[in-house]
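Any value given below was found using the heavy atoms of this structure, including those in side chains, with hydrogens, waters and symmetry copies removed. Treat the numbers as computed from the prediction; the structure is a model and nothing was measured.
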Amino acid sequence: MMEPLLIAHITIFALSAIACVAAIPQARKIQHPGTREGFVVFLGSVALWSGGYLGYLLAPTRSGKVAFYILGFVFAFVAVAAWLYFCAAYTGRPPRHAPFRNLILGTFLFFIALKVTNPLHNLYFTTEWVTEPFPHLVIHHELLYWIVLGLSYAAITVGFFVLMERFYHTGSDSRPLVVLVGLSGLPAVATIIGGQIDWLLPLMYEPPGVALFAVGTLFFYRQRFEGIRLTGESDEPAIFLDQDTCVRDYNQAARRLFPGLEESFGKPLTAVNTALADHLTKQDVLAITQNDETRYYDVSSTPFLAGEVTTGQLVTVTDVTERESYRKWLEEKTEQLEALNRVVRHDIRNDMAVILGWAEILEDHVDEDGEEALERVLQKSRHVIQFTEVARDFVESLSEDADAELEPVKLQPLLDAELAAVRDSFPDAHFQVSGELCDVSVLANEMLSSVFRNILENAVRHNDKETPEVTISCEEDSDTVRVRIADNGPGIPDNQKKPIFGKGEKGLDSPGSGIGLYLVHLLTNQFGGEVWVEDNDPNGSVFVVELPIHTPSNKS
């Protein structure tokens, strides 16, 4: 019949092994691969460590007891390595990329080899049979054992340190972990004094303590492992909520932004910060004022799933103050643009309508010498009124971020009209057409006239010759048409050929507003085309406008 003391030892180590094995399925649910691998191996090695001591206690022969003791002895060392692996992976230090990893692995294997070959050199322990307090094989630990034990505890302490550092950074409640560390340390006392107390065997009693720590840590922190890891890795404010949207963890950035998170573990997020809780389901930004400064944040949530069941969520708060300020600035500019649009649509249009009305009355009161001048006034007045309508649609398309409504526009009559207009405006310039203008349609709107008018007018305004010469030519292929407007001006340097189409670029000391070519670029893009500048021969520039040809098959 077994001695009660032997049964007690067997029970303690058996329960330790069973608890670790039973916890492995739960550890396998940890989502992060490195954390999961480290903790599963940690639990498995502690189970084998305990199992080795069970074999030592139950084996009937001396050699069997020594073999099982060495097995447990080896897996005690493996448990230390697995613990460090877990701590490194969990805190964002990839174990497979650790510095000097080959040296560390070599040292680990060297000590394993010393343990396995202990019967040859007895540097770790020696054995003898005794009868008290019951017949068993006594293990006498030698100096190397205590040296390696001290190094193992030092390595375990490093793991605890990096783990506690991560818990501190995330603001996580580490009190249960501290309690578990304290409880797991109690068996170490039994290990140290085991040789001086009759009812304690000279064994490593750490397996029950480590098993308690491992299973307890998994119980308290399994659902929070991923949250703590992610909140710790994030420089942005991050909060981990459970399935009931109660606070479980957060990082220091979140605590600084939401002071109510202090001592908030287990409390609903609504009790911590109502505005933040509301924005979990809203699409707009969260405004937070601190120290008389208002900043804006996007609130996003990433769920954690166990199968199809949501077990928690990670809430990340991203500072978008710069983006929001720019958006507000755009809104202000859009309002100003809309106000200007109203002026163009109402004030200028109404005044031009009055001018047109009075000009039409004059048709019956001018002589033949004044008929041509009056006709030009009427033509320009009607054009300005038409332009205000088009400008209204253009501004509204910009402010509403909508696609411009395009329709087939005959290119040849439009170019003829624009040529006639610039000839009237610049009688000292010479405009000519090279070859035939392309008789095709393009998808555009009435603003297409503004594209060519701006280029034609720029060709004269920026010209340094006594008689500006402007030549229009046209070429087409199966899909596109290119209108080339060449001048004999000073030309455009290569480093300005692209920037000249930017907003506010005037170029060549122009007295203009700098918006004309920007509008050309904007409209051409809106029509699905391109515009660029080439060098003219022998001098001057060639503005090329390329537009898709409209056919019934590509009508949009």
Side-chain angles (χ1 to χ4, degrees), residues 26-27 29-32 35-36 39 86-87 90-92 160 162-181 215-291 294-321:
Q26 292 298 316
K29 295 180 181 179
I30 297 173
Q31 295 184 19
H32 182 241
T35 303
R36 180 179 62 249
F39 210 82
F86 161 76
C87 293
Y90 183 67
T91 55
F160 276 123
V162 297
L163 194 65
M164 296 302 293
E165 180 186 41
R166 172 52 55 90
F167 274 46
Y168 171 78
H169 181 63
T170 60
S172 177
D173 184 8
S174 58
R175 288 173 295 183
L177 185 66
V178 173
V179 172
L180 288 170
V181 171
V215 176
T217 300
L218 191 63
F219 175 79
F220 280 109
Y221 290 100
R222 184 187 67 79
Q223 291 186 344
R224 298 162 63 184
F225 272 149
E226 191 73 4
I228 297 171
R229 186 184 66 82
L230 290 175
T231 54
E233 289 178 352
S234 175
D235 292 329
E236 298 175 340
I239 305 168
F240 181 55
L241 306 177
D242 62 17
Q243 58 187 351
D244 298 319
T245 66
C246 293
V247 177
R248 290 303 175 190
D249 287 293
Y250 52 83
N251 60 10
Q252 298 297 333
R255 184 171 64 181
R256 289 191 295 269
L257 187 60
F258 305 104
L261 285 172
E262 190 75 37
E263 303 297 330
S264 65
F265 294 100
K267 295 181 181 179
L269 186 62
T270 51
V272 176
N273 191 293
T274 304
L276 177 60
D278 291 342
H279 277 74
L280 288 179
T281 55
K282 288 183 178 180
Q283 298 299 318
D284 57 336
V285 297
L286 172 64
I288 299 178
T289 301
Q290 290 181 335
N291 301 322
T294 300
R295 302 192 68 81
Y296 299 91
Y297 299 87
D298 265 344
V299 180
S300 60
S301 175
T302 304
F304 292 119
L305 301 176
E308 297 182 355
V309 179
T310 300
T311 59
Q313 57 183 313
L314 180 69
V315 178
T316 304
V317 184
T318 305
D319 192 328
V320 293
T321 302

Considering non-hydrogen atoms only, spot the tightest contact between A27 and R36 and give its length. O-CG, 3.6 Å

Rounded distance (nearest 0.5 Å) linking atom SG of C87 with atom CZ of F39: 9.5 Å

Could you pull out the closest heavy-atom pair between Q290 and R256, with the gap in Å? NE2-O, 3.5 Å

T245: what forms a side chain to side chain donor-acceptor pair (under 3.5 Å) with it, not counting sequence neighbours? none

Indicate the atoms forming the closest heavy-atom contact of V317 with Y297, along with that distance. CG1-CB, 3.4 Å

Do any side-chain atoms of residues 265-278 form donor-acceptor pairs under 3.5 angstrom with protein atoms, and if so which ones, sequence neighbours left out?
from : atom 1 : to   : atom 2 : distance (Å)
K267 : NZ     : E263 : O      : 3.4
N273 : OD1    : A275 : N      : 3.2
N273 : OD1    : L276 : N      : 2.8
T274 : OG1    : T270 : O      : 3.2

Working to the nearest 0.5 Å, report the span between OG of S300 and NE2 of H279. 13.0 Å

What's the separation between atom CG in L286 and atom CG in L257, rounded to the nearest 0.5 Å? 7.5 Å

Run the side chain to side chain contact (heavy atoms under 4.5 Å, CB included) test against T294 and tell me which residues pass, sequence neighbours left out. A287, T289, Y296

Side chains of L280 and V299: does their closest heavy-atom pair fall under 4.5 Å? yes

Which distance, rounded to the nearest 0.5 Å, do you find between the CD1 of I288 and the CZ of R295? 10.5 Å

Could you measure the distance from the CD1 atom of I239 to the OG atom of S301? Nearest 0.5 Å is fine. 10.5 Å

Considering non-hydrogen atoms only, spot the tightest contact between A254 and L261 and give its length. O-CD1, 3.5 Å

